[in-house]
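Reading through the structure tokens given below for one structure.
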Amino acid sequence: MIPLIYGLAPIHLPSFFYLDLIVRGRVLPKGRYKGEPISIIIPCHNEETVIGNTLKALLKLRKRIKKLEVIVVDDGSTDHTFEVASSFKTKHKDLELKVLKKEDGGKGKSWAVNFGIENATYDIICVLDADSRPYLRSLEYLVPYLKAKRVAAACGIIKVRNKKVNWLTELVSFEYNIANYIQWKKSMIDSYIPWMPGTITLIKKQLAKFPPSLVEDAELSAKLIEEGYVIIVDKRAAASEVAPTTLKAYLRQRIRWSRGNWSLLKYYRNKKMLLNYLLTFFERIQPALTTISYILFGWGLYSRHYTIDFILTPLWCFSLIVTSLIYRQSIKEFKEKYSIKTYFIYFFISSFLYLLIWFRSLFPIKGWYKTKRVKDYY
Amino acid sequence: MEFNWWFYLLILNICLTIFSILANNRRYKYFRIAYSFYKKLKEENFLDYVLMKNTSLEKTTINDVEVYLIKKKEIFWSKASTISYGAVTIICAIIMISSFYGILTTPKLVQFLFLIILICSAYINYRSWRYFKFRRRI
């Protein structure tokens, strides 16, 4: 029974680096928000189901942030996104809202965001996804970091709004929780490169030039860090998002990210950041290692090698401990609760899903693979 | 009484762990001194000080010799604690993995002793930044 459990756990060589991520950190002073004006950019491509509610949520922020400009960029939508956002503008004239239409749109998020930034009035830019709703004080927590010279961007964490819809949304929420934890810790250690999450991201206007890429936020993060800037992740600042509710939508989204991540490898050749370089290398080859581990496990079962001294058992033991520790720490830090079922699904199924995504990402994808939103959640 | 090679390594690791505690204490002592210094003058620029690198030491925000010296000492102790923690981790990991695979012939207790030192060293480093409070007296 014991090798059966270990066998289903893939080899996690990155576990050594995750242990380092858990252990190290730094103390960051928290500043006070002094009424700095903010321009919020919301790129939209067929977002009629969510954009209205997002704008409603932003209205609440005005209680705390007096100078708030909201720019909705309609990036070649074929639905009623532009009309919904424009009607909101006529209803709420007191809100500083600009609704822009990009005629040659649909090329990707970076084009839309850069277009919005060009039209922004203020020096602090906040990039939000069309379905993202920041928590009331999130932007206040992030703005003070941008006063520091070396800080290029300050980001919050993402929570899943529709966590209770089905097993997949709970799984995505769990996955986000772990990713949030890893990014938060990476931002605390100089040897690693954290990624801006693409939403709830505050960035200095002069540095906000998103490159054309499938993962424009991660690519800009890597560029900025190469130039000597720092990206800070504050776990107090959060925004809620809608997770894909179907497996097909989930896979499409992950394939897009995974395909985009290949283009990031050029930024990891920086040997000064050796730990980040090695971690990325192991993360990239992890699916191949997983396949090898399954083959070895099958061989172990075939040769009736059931005992604890099975050749890879110590490594699996170690990876199991670190993986459990990272689950525990991420749940403790972000105060989320999950059913036991989710832990098991994540532990046993996610490696198969990642393997599938990884193989698919080796081949080019047609178009943008943008997630289609069918319904909004509260 | 006969001492084995692993015994000396064990002692070295314990010494490095104790050194790591001291280095962390010194590091955060200078951090607190810097905070009290900035609190009087420009508290909002303290983040600049925290993120300052070796290369940017010449251009301190307050541009004062005192800040420069405090930062230099803090960086020194920070590096000392990181190096001692790294050394403990590497030694423990090598001994544990080699013992698991039977490359080293050590008693089973030795692996556990090194594992305990690894856990202690990791926890000391985790605790130093996670439960830090500015309020404590310098």
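Every chain is numbered from 1, with letters handed out A, B, ... down the list of sequences.
- Within the 4.5 Å cutoff, side-chain heavy atoms of A/Ile200 are placed close to those of A/Ser138.
- Between A/Val151 and A/Tyr229 the shortest side-chain heavy-atom distance does not fall below 4.5 Å.
- Closest approach of B/Ile70 to B/Tyr30, counting heavy atoms only: CG2-O, 3.4 Å.
- Interface residue A/Val27: backbone and side-chain heavy atoms are both found under 4.5 Å from chain B.
- Counting only heavy atoms from C-beta outward, the side chains of B/Thr82 and A/Arg24 approach each other to under 4.5 Å.
- For the options A/Met188, A/Lys30, A/Arg32, A/Lys34, heavy-atom pairs under 4.5 Å to chain B are most numerous at A/Met188.
- If you measure heavy-atom distances from B/Arg130 to chain A, the contacts under 4.5 Å come from the side chain alone.
- For the set B/Tyr28, B/Phe31, B/Tyr85, the count of heavy-atom pairs under 4.5 angstrom toward chain A peaks at B/Tyr85.
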